[in-house]
Protein chains: 2
Amino acid sequence: MLSQKTRYAIRALQHLADQYGQGPVPLTDIAETQKIPAKFLTVILSELSREGLVDTQRGRDGGYWLALSPIDISYGDIVRLTRGSLALTPCASRFAHETCANCLPESECRLHRLMLRVRDETARVLDGISLAEPVPLDVE
Amino acid sequence: MLSQKTRYAIRALQHLADQYGQGPVPLTDIAETQKIPAKFLTVILSELSREGLVDTQRGRDGGYWLALSPIDISYGDIVRLTRGSLALTPCASRFAHETCANCLPESECRLHRLMLRVRDETARVLDGISLAEPVPLDVE
DNA sequence: GGTAATTCTATTATTATAGTAGACAATAGA
DNA sequence: TCTATTGTCTACTATAATAATAGAATTACC
């Protein structure tokens with residue numbers, strides 16, 4: 001499961017994508033339209049800013065905006081940044097691989113091979129869509 | 001991420017699949033070959049038994065065995081039983097749907113639509129492989 | 001200087017997770 | 001029938017992650 005925080009982060013970024021090119025968006029705007037607790041959103045946006053995904057300006061008329069064009073930010077990027085990995089097990093992460101606790105050696109672990117496949121399918125979906133695109137309804 | 005407990009459950013079931021048709025497998029066998037803390041495994045196997053996935057016998061020469069043929073247990077089934085859902089958000093579960101806390105209405109939530117697609121791809125992989133099959137190395 | 005905004009450091013409450021303890025119940029075989 | 005062996009159940013505990021808040025500090029425009 002994605003954490004509540006990751007879900008908030010994604011919706012906040014979607015909101016900023018909608019306002020892209022229109023100057024700084026104040027935090028309270030995002031919090032209200034996206035139903036995110038304002039104080040918690042400060043934590044989230046500060047992190048996204050430290051990670052270089054959003055730029056900020058303090059003071060009057062300040063706020064947040066995307067540091068990159070929406071088309072250059074994929075959902076896969078966001079999940080990797082906020083959650084660390086797309087995978088369902090530590091051993092199945094391609095960018096943040098870790099060996100699972102109390103597991104067999106990976107070469108013998110059948111779960112490992114399966115989780116790699118799930119990760120790759122997830123990546124195919126999430127890396128294939130950017131913040132610029134409306135999310136298609138379904139695959140056929 | 002799958003919890004440690006879910007990972008243990010899957011490996012335990014794989015072990016039972018390997019011994020299918022050969023009588024009860026004692027818990028300590030599973031614990032040792034799969035590197036699972038024995039006491040914790042009792043909790044896990046008791047749950048799997050209550051859910052009808054394994055049958056058990058107590059007493060001498062007792063143990064655990066799969067209640068169904070390995071080919072009739074898919075990885076999707078196991079994850080749904082132990083974790084509740086294949087989805088990455090509560091709203092994207094098809095069998096255990098819940099609305100996400102502090103979210104927009106689902107019809108307006110772009111994340112919802114995206115998570116449904118990820119769930120469906122995950123299901124395609126996990127429902128397509130049963131405990132009877134060796135896990136293929138990769139898709140091309 | 002005042003106001004509106006972000007930023008930073010700490011703290012808290014709640015929940016989930018991982019694992020353990022120990023008494024109890026059943027079974028097969030000697 | 002005794003006993004060793006094996007699973008079952010209830011309860012408990014420790015740790016970590018999560019979600020969220022508090023409040024002071026900083027910045028920038030007017």
By the side-chain hydrogen bond (donor to acceptor under 3.5 Å, both in side chains) test, which pairs, at least two apart or in different chains, include something from residues 27-53 of chain B?
B:K5-B:E47, B:R11-B:Q34, B:H15-B:T33
Donor on one side chain, acceptor on other, B:Y64 and B:Q19, under 3.5 Å
no
Let me know, please, whether A:G59 or B:R60 comes out on the 5' side of the other along DNA chain D by nearest nucleotide.
B:R60
Going by the rule side-chain hydrogen bond (donor to acceptor under 3.5 Å, both in side chains), which residues pair with A:R80 if we only count those two or more places apart in sequence or in a different chain?
A:D127
Without decimals, in angstroms, what is the distance between B:M1 CE and D:dA16 P?
18 Å
Candidates [options] - which lies nearest the side chain of [X]:
X     : options               : answer
A:S3  : C:dA28, C:dT6, D:dT18 : D:dT18
B:R58 : C:dT6, C:dA26, D:dC29 : C:dA26
A:K5  : C:dT7, D:dG7, D:dA19  : D:dA19

Distance test, side-chain N/O of A:Y8 to OP1/OP2 of D:dT18, below 4.0 Å:
no
Hey, which of B:R119, B:R117, B:R124 is the one that makes salt bridge (charged side-chain N to carboxylate O under 4.0 Å, His left out) with B:E121?
B:R124
As an exercise, state the distance from CG of A:L116 to OG1 of A:T89, rounded to the nearest 0.5 Å.
7.0 Å
Got a sec? Which of residues 32-57 of chain B come in under 4.0 Å of DNA chain D, heavy atoms?
B:S46, B:R50, B:T56, B:Q57
